[in-house]
Structure formats: C-alpha cells, structure tokens
Amino acid sequence: MNNREIADTFEKIADLLEIKGEVIYKVLAYRRAADSLRELVGDVTEYQERGGFTEIPGVGKAIAEKIEELLSTGKLGFYEKLIREVPETLTDLLQVPDLGPKKVGLFWRELGVVNLKDLEEAAKSGKLRTLAGMGEKSEAKILAGLESLARRTERIPLALAWPAAQEILAKLKPVPAVKIIEVGGSLRRMRATIGDIDLLAAAEDSKEVMRAFVELPDVSRVLSRGETKSSVEFKDGLRAQLWVYPPQRFGTALQYATGSKEHNVRLRELAQKQGLSLSDQAIVKPDGSEILCAEEREVYEILGLPWIPPELREDRGEVQAARKGNLPELLILDDIKGDLQTHSTWSDGKKSILEMAEAARDRGWEYLAVTDHSHSLGVAGGLSEEELRSQHEEIKAVQEKLGRSFRVLHGVEVEIRADGSLDYDDEVLAEMDLVVASLHSGLRQPRQRVTERMLNAIRNPHVDIIAHPTGRLIPDREGADLDMEAIFKAAAEHGVALEINADPYRLDLDDVHARRAVELGVMLAVNSDAHSPEWFDLLHFGVATARRGWVEPQKVINTWTVDRLLDFLKK
DNA sequence: GCCGTTTTCGGCCCGACTGTTTTCAGTCG
C-alpha cells in the first residue's frame, strides 16, 4: 500500500466513525493522520527506519500500529470489524450536498438507508420528512442534492476555473458599491483542481453586490443568499460563492477565505496561544476589543509572522517556517528568461520558428528552445533525422535574422520508446543544443518497467530535461506508476533537470513532487510546452505550481542567463 | 486518538446560513 491508499483507508474510517456517532475528536484524529499521509513528501516506508511512524504529524501509537498492519498485510482488522458494524456504502451518501454524517446516521438507523438508491427512494416516498429535525424542505433539498451529485464533475481543473473566475471578476468590478474584489480559496492558492470559485469583495453595503452576483448571466440556481455570503451554480455546473465585508475587515476576511482550512487552524491555534481569537471578522483581544485588519498582511503581522504567500498555505510547515523566518524566496514569473520546451510547424505546432522566437523576444525573454517531436510520435508529425538536420538550417537563419541579443536553441523532444531506448541515435542527440526526453506511450506499464525506461533516459549523457515526467492529464488521466524517489536521485546524480510543465491540464511535476525533487538536489525547468505564442501565457500556472512546491528561482534552469544555461547543458 | 510556550490529562478553530425549531442542530467553508 502506498501513502495515498493508507490515507484513503483512514479517511474512510473517519467517515464511518462519524456516522456511527463516535466522539468527534477521534474522527478528527483519523482525518488529520490521513491528511498528513497524503501530504507526506517521500514514501511512508522511509519512516520505518528513521524513528517510526509516530514522527508523522498526527500519528500516535494507535494509528502507527494500523499503518504497520496495512503495510505488512495489506489489510486492517479494525477496519474490517468497523464495516461489519457500519455499512461501507454509507460514505457515498456524504457526497450528497447538504447531507452530513448526522443525518446519514439518522437515515441509516431509522430507515435502513445504506446507499444512494435507498436514499432516493426514501426521499421520493416522503419517508425522510417524518424523521426528527427533518421536514419537507430538507427532503426536497436532498433530492436536489442527489441530482446535483449526478451532474457534478468532481473537481474542476485550474484550466477552466481560472478563466471563469476572471470573467466573473470582470463583471462584478464595475458594480459601484464594490471597493475591492478578489479571488480566494483554492483558486488563489493555485491548486491544480478547484472545488468551487470563492470570491471576496469589500463594500460598505453588501445588498447591491449580492444582487449583482446572484443575477449574473448563466446563473442557473441560487444555492444560498445572505448579507455576508451567497452562493450560486452556473448552467455548466460550476459553483461560485461570494463573501462581502466592510473594507476595514477585508484583510481578515480574505485571509480566512483563502484557506486552506488546515492553514487557518494552525493560525488560530497560534492566535490562541497569544490570548487572541482570530476569525473572518477580526482579531479579538482578551478584553473583548477588536483589532480590524483592512490588509491581509496585518493579520500575519499581529500574529508575529511575515505574510505567507497563498500558494504555501497548505499546512505543509509554512507557519513554522514563517515563525522561524525561514520562508523560501519563491520563484516569480519575471524570473523566467526563456522557455525550454516549445513546438513549431515542423511538428504539431501552429506557428513557424520565426514567429515563436519573435513572440518570445517580445516578451522580454533572452532565449527560446525549439523542441519539436521525434519521429516515432507519428500523431504529432515527429521529425526524421534528416528533417531534424534541415531544421537546423532554419534555426540558423532565424538566429541571424534576430541578431545576437536573443538566442534560439535547437532542441528536440525525443520520445522514450516502449523498450526504454530513445528515438534518435546518440550521434544525432549530440548535435543538439538541448535534448528534452519524454514518455507519451506505455504509461500504463508496470512500475518497475516504466521506471526503468525513465531511468534509462536520465542516464543518457545527451538528455538535459525530462518533460512532463509522470504524463498525467488533469482530470482524466493519472500519471504513470513511477518510482519517483529513484527518478529524483538519478536526475540529481546525472545533472538532468525535471520539468514542471505549465500546461494547466498537466502541471507535471506537481507541487509535492517538485518540492521533494529540489530537496534531493534536482534542478527544474518551468516550460509552457507552447504550440503557439499564446501558450506562453500559461507559464504562470507552472510558476504557481513551483511556488506551491516551495521552489526558489536559482533551482530553475530557465531563470539563468543564456551563458550559465549553455554551461549546464554542456555538462 | 493526538498532543504539550497553560497541560502526560484535558483539551482539541470560528462563524454564516438553513430549516426546524421556541433556542438549536446540522452542514459547510
């Protein structure tokens, strides 16, 4: 079992215990352990050697023993006993909006409801409304929730949520009462996928803002409407909620609504230790008086912390680092000096090498690598060795046209074939300025085989960068089952950089992997994989992913000057 | 079930909205 599978087991245990009516703090303990395991950098088995599982935050003696049992037998007696008592399928019911553990427990005990089908029947036959604390409206809400669940596509990729949020912002900014409006939640933290869009506005009077919000075009349903908070669902199923606060309270509100929930818990604990109480409204002193924060920065200052960038707010040690003054100097978009994975009309790109290079130069970059596909990727019009050589002539011509102040590098994105060999001979690769290697096929090979292919590419003396290492596509395709630790170690040893692909449907490496890679001494490259100049605009998604991985600019090879970069490529 | 700048026992983050309630419970973020 891997980290995620163990975490899922504990999450399930937490849900079942909560439905059963176990004391909430036991439930929270399992949930915290699950979160910890999910966020763990590196493999859980490493803790067996160094100090044991109780070194993991939120894991004590009891849970450590359960991890041990899961790792050695793949099963857990405690869990098997629990699901004989509380039907496992009850956790599906928690996915229904407005339905939580208390009511699920109630329906199960009173009506024998154990799955979504039972629930639907009970609601349609009017049985739910007869229960204590239930009524007609609650019953109707559950039916609506069931419909919404059937329609809803899990989490929304950043690729869709980001532009949608920008559109909403553009429509609400002109509302006269709106002083400030910003994105909060997981979108502000730039997570790869978003649950719903959270928006924060500052206004003296919220009524006008709320009205404009619930009356946005394409709103299909108003889910709730209040003076401080409203939420809506759009026709395409996307959901958004808006909080409105007076300007003098905007700082605490934005901090609160940005999350993550776990980050906020850490902050409130810190506040408590100082005798303060932190909420979305204000910081309250022991004598009951309020400190108002118009700026988010002030919230952190009062708690004795530097401002923590939203991308770090995942409770992955950022509060502790802030207390010690050890926050990283994160990569910013302006640090990027060029793109090291781009395509032209020679393969599946939409624009010529000249057009791509001019667009890159006009963005103020110092260099661009043209890295068209190699021949075995037929669908993308991969280049034969002869075509690659004639492409070199065109690169030279473009370079002459642009002059010496901007450098065009002749690279290639060479296919790592199913047998682990590369698509070009070493002599051909040796002629290139830059070799990017990547997997596009055989992603579902068994762990050992696909890992070995990747390691083979890393060991090739001509390979400089591994592009989109896991091959994941958000939200449809999981990455290959790679031994990432082995890959990071090999990449560090052989001086091969790993890419953070900025395409918001990829974001690969992800944040957790990027952080671990840097810890192990691996260099990174943040590339757009552009097939036309507009794709350069996607780079900020890659930068955000790097920031979420605590990545500092000096670890990213395309923040370097062209001379330093060429030196690295040569080695 | 976990954990320690109040503590090895007794705590464990805060508030809005909704619906069913005469004062609160459940859910969500």
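In the text below, chain A, chain B and the rest are named by the order of the sequence lines, each starting its count at 1.
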Starting at atom [atom1] of [X], determine the distance to atom [atom2] of [N], rounded to an integer number of angstrom.
X: A/Lys102; N: B/dT27; atom1: NZ; atom2: P; answer: 7 Å
X: A/Glu269; N: B/dG11; atom1: CD; atom2: C1'; answer: 11 Å
X: A/Glu136; N: B/dT21; atom1: CD; atom2: C1'; answer: 16 Å
X: A/Asp98; N: B/dG29; atom1: CG; atom2: P; answer: 9 Å
X: A/Arg32; N: B/dC3; atom1: CZ; atom2: P; answer: 6 Å
X: A/Glu18; N: B/dT27; atom1: CD; atom2: C1'; answer: 11 Å
X: A/Asp280; N: B/dC28; atom1: CG; atom2: C1'; answer: 13 Å
X: A/Arg323; N: B/dT5; atom1: CZ; atom2: P; answer: 8 Å

Original post:
Which one is paired to B/dA16, where only Watson-Crick or G-U wobble pairs with both distances under 3.5 angstrom count?
Top reply: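 Partner of B/dA16: B/dT27.
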
Any donor-acceptor N or O pair under 3.5 Å, side chains [X], [Y]:
X: A/Glu314; Y: A/His263; result: no
X: A/Tyr256; Y: A/Lys261; result: no
X: A/Thr258; Y: A/Arg188; result: yes

**OP:** Tell me, yes or no, whether the heavy-atom count around A/Glu204 atom CD, taken from other residues, nucleotides or ligands under 6.0 Å, exceeds 12.
**Re:**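 Enclosed: over 12 neighbouring heavy atoms sit under 6.0 Å from CD of A/Glu204.
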
Subject >> Ring-on-base stacking B/dC2 with A/Tyr25 (under 5.5 Å, under 30°) >> reply: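 Here the ring of A/Tyr25 and the base of B/dC2 are not stacked, as the 5.5 Å and 30° limits are not both satisfied.
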
